[in-house]
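Report on the structure given below.
Note that the coordinates shown come from a computational prediction; the quantities given were computed from them, not determined experimentally. To find a chain, count down the sequence lines: A is the first, B the second, and so on, and within it residues start at 1. Reckoned from all heavy atoms, side chains included, excluding hydrogens, waters and symmetry mates.
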2 protein chains.
Amino acid sequence: MSRAFNFSAGPATLPESVLRQAQDEMLEWRGSGASIVEHSHRGPEFIQVAAEAEADLRTLMSIPEDYAVLFLSGGATTQQALIPLNFAAAGQTADYVVTGHWGKTAIKQAKPYVAVNTVASSEAGGFRDIPARGEWQLSKDAAYVHITANETIHGVEFRDTPDTGDVPLVADFSSSIASEPVDVSKYGVIYAGAQKNLGPVGITVVIVRRDLLERAGQNRADIFNYASHLKGESMLNTPPTWNWYMLGLNMKWMLAEGGVAEFARRNAEKAALLYSVIDGSGGYYRNEVAAAVRSRMNVPFFLHDEALDKPFLSEAKAAGLMALKGHRALGGMRASIYNAMPVEGVKALADFMKDFQQRHG
Amino acid sequence: MSRAFNFSAGPATLPESVLRQAQDEMLEWRGSGASIVEHSHRGPEFIQVAAEAEADLRTLMSIPEDYAVLFLSGGATTQQALIPLNFAAAGQTADYVVTGHWGKTAIKQAKPYVAVNTVASSEAGGFRDIPARGEWQLSKDAAYVHITANETIHGVEFRDTPDTGDVPLVADFSSSIASEPVDVSKYGVIYAGAQKNLGPVGITVVIVRRDLLERAGQNRADIFNYASHLKGESMLNTPPTWNWYMLGLNMKWMLAEGGVAEFARRNAEKAALLYSVIDGSGGYYRNEVAAAVRSRMNVPFFLHDEALDKPFLSEAKAAGLMALKGHRALGGMRASIYNAMPVEGVKALADFMKDFQQRHG
């Protein structure tokens with residue numbers, strides 16, 4: 001087959017122009033005698049690539065100067081362990097709001113290091129809603145409050161930024177970073193694996209208010225110390241250079257396309273289109289998330305009869321629509337429609353869904 | 001310029017055929033509708049890539065069945081923190097042999113977690129030799145003994161495997177893994193960032209005797225637990241899939257070229273050629289490492305007059321020989337001649353060095 005519309009939840013689809021540039025430059029980067037993947041991270045070629053990627057990300061997300069940006073390995077899960085190690089004293093309380101699978105993962109990684117207080121959870125309701133801010137039982141002296149901005153599996157997304165007062169808000173933005181304008185100054189820490197909305201797998205972005213890096217945190221190795229990573233310009237050890245380079249190409253593509261305002265517009269259009277097909281199907285397709293917090297990035301849905309799952313997936317694949325199978329925790333289907341998924345792809349999926357319903361209705 | 005002979009210490013040169021295959025497959029992997037960098041790590045396409053890479057590495061290095069192989073992110077430095085967390089009780093003693101810069105780094109990362117006993121160090125002599133096994137002051141109940149198989153900066157390499165009896169030997173093999181046949185069964189743990197001898201940057205290999213994974217270790221997040229990584233087949237979280245894929249391509253290339261026996265032959269030839277030019281230069285070039293432990297991978301050398309460093313580097317670059325500048329800790333020059341550096345490249349460097357000496361003698 002040729003390139004399909006790829007609805008994978010992550011690693012996810014990349015812009016074809018980014019892949020083509022990486023392809024063109026694979027054997028030699030800009031007349032430098034070597035591929036970027038072969039250059040020393042300390043050499044002028046990669047230093048330039050890294051600096052441009054940071055500058056472009058700062059422009060794209062309007063990151064204030066009093067925020068540091070780290071480019072790390074280890075994915076979001078590693079950050080979920082590093083956050084308490086860096087920002088909480090041993091055994092101090094940290095508040096967690098749980099709105100899906102990844103909120104639970106964040107707690108799992110943090111538990112060895114902090115007293116986790118689950119201040120709100122929508123688990124009893126099957127993670128189909130977000131507990132109202134007024135119901136959160138915040139601790140008096142929490143080190144931070146942790147939320148998952150978008151739940152990739154359950155398809156639940158915060159549509160506003162909760163006010164946590166003087167307690168820093170820490171947010172896992174892995175599956176919605178840079179998908180719309182966000183006021184970074186309302187957060188203490190924003191972290192995200194890059195493989196959904198920022199481009200390539202294998203690199204993680206941590207945006208952190210600089211004063212938080214002065215916290216003592218806990219006994220830990222230097223490689224687990226965010227302040228050391230900042231001092232080392234995210235090159236405390238050899239960083240994943242190719243992945244960083246790909247992130248940089250993706251930043252330039254996003255800026256050229258019109259920045260986060262334009263992606264917010266496209267993402268809203270894509271999500272509205274898909275949910276309207278689901279809601280207009282008379283129960284043939286079903287999404288059970290409360291309308292106000294439905295994710296613009298991950299749309300889980302179920303067919304009215306499980307027996308149709310297999311033909312749906314195989315016919316979709318034949319139509320050039322791939323990776324629609326839902327996460328094993330939920331079953332059913334899931335369409336992940338991140339920044340790099342064109343409106344055209346979602347239109348093709350919407351048309352396919354309507355057609356499938358007619359043929360199998 | 002076109003592709004140069006690239007002597008970078010890491011990230012380092014890759015086989016051109018591997019880069020060409022990655023280039024060919026960048027937009028779509030084997031008719032699957034997407035690039036491998038866009039495929040879910042849970043999908044059949046990447047599962048196959050990952051499994052083949054492990055099988056090929058096992059074949060290449062003759063890794064026994066009672067050893068697990070993990071493919072992780074975070075580089076060797078992260079493993080230097082995870083090793084005490086996984087294999088030592090809090091505050092237990094661990095023995096470290098220091099033969100260069102990276103041995104010191106290993107201690108730095110381990111110190112928050114274990115009582116480090118430096119059983120031998122060649123630092124007083126400028127890291128130009130390896131203290132004889134008979135002089136090591138091993139602890140009675142050490143959790144493990146740590147060595148650096150090859151010191152990338154100082155150019156010092158163990159040419160045999162020290163016998164540490166029942167205490168597991170843990171070795172940082174970042175800059176010499178798979179460069180010659182090694183009896184894996186003599187080690188408890190072998191770890192290596194891939195970006196020197198295994199191919200791409202951004203992925204790290206940990207080869208560990210399975211019984212060691214039963215040790216309780218210390219309080220730590222699940223993502224810092226090697227046993228959890230093994231249970232999750234190195235997909236406890238999203239792994240650096242593209243980097244893993246590139247490692248796999250590199251494994252197939254190494255096997256096709258004749259495996260570690262053939263690379264041992266080539267590496268010996270390359271090192272002998274370079275050291276003979278240095279030693280035969282009448283002091284024009286200088287390498288001060290004891291002959292018996294000179295590295296086959298990293299050849300640091302000095303010109304007799306520092307003022308010649310700049311012309312040496314610029315003329316080398318013009319001759320298509322790049323990244324020869326020494327590490328800032330030592331100065332001078334360094335030629336890194338890993339598996340993917342062809343004999344032809346070292347011959348070109350040797351010829352250039354002789355010619356440079358004649359012209360600037």
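A:L14 has its side chain out of reach of B:S35: every pair of non-hydrogen atoms, C-beta onward, lies at least 4.5 Å apart. Contact of the A:V37 side chain with the B:L19 side chain is registered, since non-hydrogen atoms from C-beta on lie closer than 4.5 Å. Annotation: side chain of B:R3 is in contact with side chain of A:L27 (closest heavy-atom distance under 4.5 Å).
We find the CD-CD distance between A:E28 and B:E16 to be 10.0 Å, quoted to the nearest 0.5 Å. To the nearest 0.5 Å, the span separating CD1 on A:I223 from CD on B:Q79 amounts to 10.0 Å.
Ranked by non-hydrogen atom pairs under 4.5 Å with chain A, the options B:N243, B:L72, B:L85, B:D24 are led by B:N243. Comparing B:A22, B:A340, B:A9, B:S8 by how many heavy-atom pairs each has under 4.5 Å with chain A, the most go to B:S8. Top candidate by heavy-atom pairs under 4.5 Å with chain B, chosen from A:F46, A:F224, A:F5, is A:F224. The most heavy-atom pairs under 4.5 Å with chain B, out of A:A81, A:G10, A:A12, come from A:A12. With respect to chain A, the highest number of heavy-atom pairs below 4.5 Å among B:A221, B:S40, B:P240 belongs to B:A221.
Without hydrogens or angle criteria, A:N6 side chain to B:H39 main chain gives no donor-acceptor distance under 3.5 Å. A donor-acceptor contact shorter than 3.5 Å links the side chain of A:Q23 to the backbone of B:Q23. Judged purely by atom type and a 3.5 angstrom limit, A:N237 has no side-chain atom pairing as donor or acceptor with the backbone of B:A76.
When heavy atoms are compared at a cutoff of 4.5 Å, B:A323 does not approach chain A at all. Using a 4.5 Å cut-off between heavy atoms, B:R328 contacts chain A through its side chain alone, with no backbone atom that close. For B:P84, no part lies near chain A; criterion is any non-hydrogen pair under 4.5 Å.
A:E233 CD: 12 or fewer foreign heavy atoms inside a 6.0 Å radius.
Taking 4.5 Å as the heavy-atom cut-off, the residues of residues 195-202 of chain B that approach chain A are B:Q195, B:V201, B:G202, ordered by number. Residues of residues 105-113 of chain B that come within less than 4.5 angstrom of chain A, heavy atom to heavy atom, are B:K108, B:Q109, B:P112, B:Y113 in numerical order.
A search for ring-ring contact (aromatic ring centres under 6.0 Å, His included) contacts involving B:H41 returns nothing, not counting sequence neighbours. For B:Y338, the ring-ring contact (aromatic ring centres under 6.0 Å, His included) criterion is met by no residue, not counting sequence neighbours.
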